[in-house]
Protein chains: 2
Amino acid sequence: MGISSAGPHCSVWRRWAQLRWLTGFHTRTLAPQSVTSAPGVLQQRKAPGMPTSVVSRPWGVRPRGGRALHAAPSSSQEVMLTSERYRVRRLPFSRVSDSDVAFFERVMPGRVITNPEELKPFNVDWLKSVRGCSKLMLKPQTTAEVSQILRYCYERNLAVNPQGGNTGLVGGSVPVFDEIILSTVLMNRIISFDKVSGILVCQAGCVLEKLNEYLEEQGFIMPLDLGAKGSCHIGGNVATNAGGLRLLRYGSLRGTVLGLEVVLGDGSALDCLASLRKDNTGYDLKQLFIGSEGTLGVVTAVSILCPQKPKAVNLAFLGCQSFAKVLETFTTCRTMLGEILSAYEFMDEKCMELVERHLKLSSPVTGSPFYVLIETSGSNSTHDEEKLKNFLEQAMTSGLVSDGTVATDDKKIKALWSLRERITEALTHDGCVYKYDISLPVGKLYDLVTDTRARLGQSAKNVVGYGHLGDGNLHLNITAESYSHSLLDAIEPFVYEWTARYNGSISAEHGLGFKKKQFIQYSKASEAVFLMQRFKAMLDPKGILNPYKTLPSGS
Amino acid sequence: MGISSAGPHCSVWRRWAQLRWLTGFHTRTLAPQSVTSAPGVLQQRKAPGMPTSVVSRPWGVRPRGGRALHAAPSSSQEVMLTSERYRVRRLPFSRVSDSDVAFFERVMPGRVITNPEELKPFNVDWLKSVRGCSKLMLKPQTTAEVSQILRYCYERNLAVNPQGGNTGLVGGSVPVFDEIILSTVLMNRIISFDKVSGILVCQAGCVLEKLNEYLEEQGFIMPLDLGAKGSCHIGGNVATNAGGLRLLRYGSLRGTVLGLEVVLGDGSALDCLASLRKDNTGYDLKQLFIGSEGTLGVVTAVSILCPQKPKAVNLAFLGCQSFAKVLETFTTCRTMLGEILSAYEFMDEKCMELVERHLKLSSPVTGSPFYVLIETSGSNSTHDEEKLKNFLEQAMTSGLVSDGTVATDDKKIKALWSLRERITEALTHDGCVYKYDISLPVGKLYDLVTDTRARLGQSAKNVVGYGHLGDGNLHLNITAESYSHSLLDAIEPFVYEWTARYNGSISAEHGLGFKKKQFIQYSKASEAVFLMQRFKAMLDPKGILNPYKTLPSGS
């Protein structure tokens, strides 16, 4: 441990170290190797008969090991069709004909998929909660090809479902009916990277983790990081305004995305691909497409500002005896760690139980009702460790934290992160999951979990809360043995009403997609929704882009 | 000096200290008192006969002294009317009648200004470069009043010029003809501040500096800072997407503004005033209004994320022998200062000459063709000083920097900052100023100054370059004894064409306003401009909001 060096407060620090076996970390946490061999991991979602080359690698399943080793939930039975479960009416788009397929084959020979088996995984979301029945997937390589596709679809009135890594959690990335899947999987070229400015320009289909690896070689990192990094595409990240683990430090994509190239519903390309940190010439059109979930245009290229790779990273995993202490620990560490604080995540003991039970991970810190994960990233390891040490002493002597461990080396950091990042995966093994991604004033964050737990009683299997506390973002998840309408009715609109009462957001970072679009009014005024609908009508007058998503269906 | 303490490299540090009289700082820099008494300072733009209460305090003239002590350029003669100098044709809006004035008097008694003398300063921009002839100024206090005003104006087809602190540099904040001035001066209420989240909600007319003072008392700061802080309004900052001195550290308003309340051209209020760090429910409408310069709606309230007040601030003012060394110093300090770097500004020797000649400020560092100003802001003064010391040693031993001084106490920091911040003011004393605010790849930044200087030769008095190098933002300024069409023709479109050749932006942070709107095509594709015009037509169908601004007039 790098922080065991003597400092001005070394006596207190030693007390901390003695109390909690910093050196005993190895024996109680799974080594990264055993993490990668845990059940469900490295299990790829390969449909029978599907060629290996088209297997998607959902949620961070990657050859090099490390954190975020999520795998698709296993499912032996076919997922119910979205149109049936949700009783959706198909809009009057044209249906794909043989001559349409022939046209696309001429435009991009060999990159037109019609084989039903090959199409299967791209019709189902990662959670296996919604399923479409698209009969055609196109894999353009260039913006010109995307333009050609959309111009043709616009004229023929064919609906299109843009798809990146298909890692979305609200059913936004798969067709509802037979929309043509427009995949960015082959648009994976890095266009430029400028080491002076830190600005990266790349095609939309670049995988987030690959971009980060490329940047790390140049001494930079991506400004966002999330569990799905191993398969999500940067274009999808932008289209959904992905948040994730680094937002606390580097801010949202609204600040870091400097330019976009977008193809509109009629096939016209909009070039706003500036590589400038500042540009105040007219309205910032690109912002409309960030977070529009493919309903206003297809993002084909991205220009993004990347921070320098931190020279030192530390991770503290701590136990707190109450949520009030979780909050006070946050304000204390924000003050004491200041500019080096890069993540503040929390999870309740239920989350830890599920991760231990379903994924066989073991936590080095036990016996607390709440756990927090504090990451620092900085340019000077000695300074950072001293700041962290001072904070930990303060947190311990004031009783904010009852237990904890610290990691400074990469492998241990990844192992600790997996306890937090694999909660999503552990939940899928617990049964049917009802997922809520809520923004609230931080002081109220956990009350929603407590109230939901009390309300549902025995009808739920587990009610758990975790998330990005530093951003006021709670992931509330409820599990049950199987899907039930009555349980859903007990949860909704209760959760949304509760959130609206405290002026929260019913989708902090996941978006609305298909599954949440009808609830937008809990977070947005009707005038705002009306204006969104006018933007949609203006930019996509035939409504062919990702229909049935984001905005509520007409009353 | 706090950084004189011994450290691991103290011998090199001592050499640095000996070489450049760190302790001699007092004798060579003006004390803050003398800064505030420099010519032109504390001189308020008070029109003859104008009551003191309505004197605006442009560009940071404030009672408490400190940096950013800009004053309005003095002008004995009347500024030429915009409509005459630029030969603009008035659009067919209605003219304000007595019954209109009577209506507004009923809505907001005592807050309707029609006295021509009182109106004078609000018809002229701070640079005294454009002048309108509005006969009516309204001072609403609430959003409901703004709604009433706009609903009435919409029905009557009366044009409206929203105005904050009137500190804009592109003629965006004053009428071109007789538009009604809608001033936010009385909308200066802080609505809420949450110390846990750091989120401030306030009315649009709050003065930036006042907000910062309020926040500092609570241990926070505003995420933006600019020379005009003493008079600019936060609503105007948002409407122009102001950049400034802290952007390098805290990012743009597109990331820090969390919510807006806006009144549209027809008087309808749009409530997007969320106080949440994350909210992905539908399209982010507020972004369209950020940087739209009052042409799409009137910002009435702002929700903004504020960083914690840094515990330690240091400033280094250094001389470099070439622009190549300015660039290398930047990449070196970015690596070595990392997360504590909060500003990297540069200026050429011409700027220093003008500040010394016109404002009688003297620089503690002389004899270099370029100067840089490096600010650090952090949470631990010992750590920050050590990082800065290490960087300065490196910069000096490798010959990047030839000369310099460091300040750690507040008064000296302000005095040093004034050398940079008062360049704008010094320029106005040098004659007629042609101002350009350009984004470029940093490597090309100064070539534009050199090329412009070579092109203009003796026809210009001075050609100077300075700006936010860390953001790739150059302020290119050309002075001449008086305004001349032929000089302007020699500069434009040369500067714009040069900028476009390197994919730069012809307005990095000032906006387009009235003076730059015809040049938008140098930075934006025609499809993008066309789309902007469609947004304008949709949101403000009668075009009554800040007409003649931002978007080019029809061909």
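Letters A, B, ... mirror the listed sequences (proteins, then strands); counts begin at 1.
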### Query
When heavy-atom pairs shorter than 4.5 Å are enumerated against chain B, which of Asp284(A), Leu248(A), Leu305(A) gives the highest number?
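Looking at each of Asp284(A), Leu248(A), Leu305(A) in turn, Asp284(A) comes out on top.
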### Message
Quick check on the interface: out of Pro310(A), Gly282(A), Ala525(A), Gly472(A), who has the most heavy-atom pairs with chain B under 4.5 Å?
### Response
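When all of Pro310(A), Gly282(A), Ala525(A), Gly472(A) are compared, Gly282(A) has the most.
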Region of [X] that comes under 4.5 Å of a non-hydrogen atom in chain A:
X	answer
Ile506(B)	both
Asp471(B)	both
Glu339(B)	both
Ser197(B)	backbone
Thr550(B)	side chain
Lys195(B)	backbone

### Task
Please state whether the side chain, the backbone, both or neither of Phe535(A) comes within less than 4.5 Å of a heavy atom of chain B.
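Both backbone and side chain of Phe535(A) come within 4.5 Å of chain B.
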### Task
Measure Thr240(A) against the heavy atoms of chain B and call it side chain, backbone, both or neither at under 4.5 Å.
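For Thr240(A), the contact with chain B is made by the backbone alone.
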### Message
Using side chain to side chain contact (heavy atoms under 4.5 Å, CB included), reason through Leu288(B) and Gln287(A) one step at a time and then give a plain yes or no.
### Response
CA-CA 8 Å; Leu288(B) 258 186; Gln287(A) 296 288 347; over 6 Å; no
### Query
Between Ser439(A) and Lys278(B), is any side-chain donor less than 3.5 angstrom from a side-chain acceptor?
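No, no side-chain donor-acceptor contact under 3.5 Å.
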### Message
I'd like to know if the side chain of Arg334(A) reaches the main chain of Val196(B), judged simply by a donor and an acceptor atom lying under 3.5 Å from each other, with no hydrogens or angles considered.
### Response
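Between the backbone of Val196(B) and the side chain of Arg334(A) there is a qualifying donor-acceptor contact (under 3.5 Å).
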### Query
Hey, does the side chain of Lys524(A) reach the backbone of Tyr283(B) with a donor-acceptor pair shorter than 3.5 angstrom?
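Between the backbone of Tyr283(B) and the side chain of Lys524(A) there is no qualifying donor-acceptor contact (under 3.5 Å).
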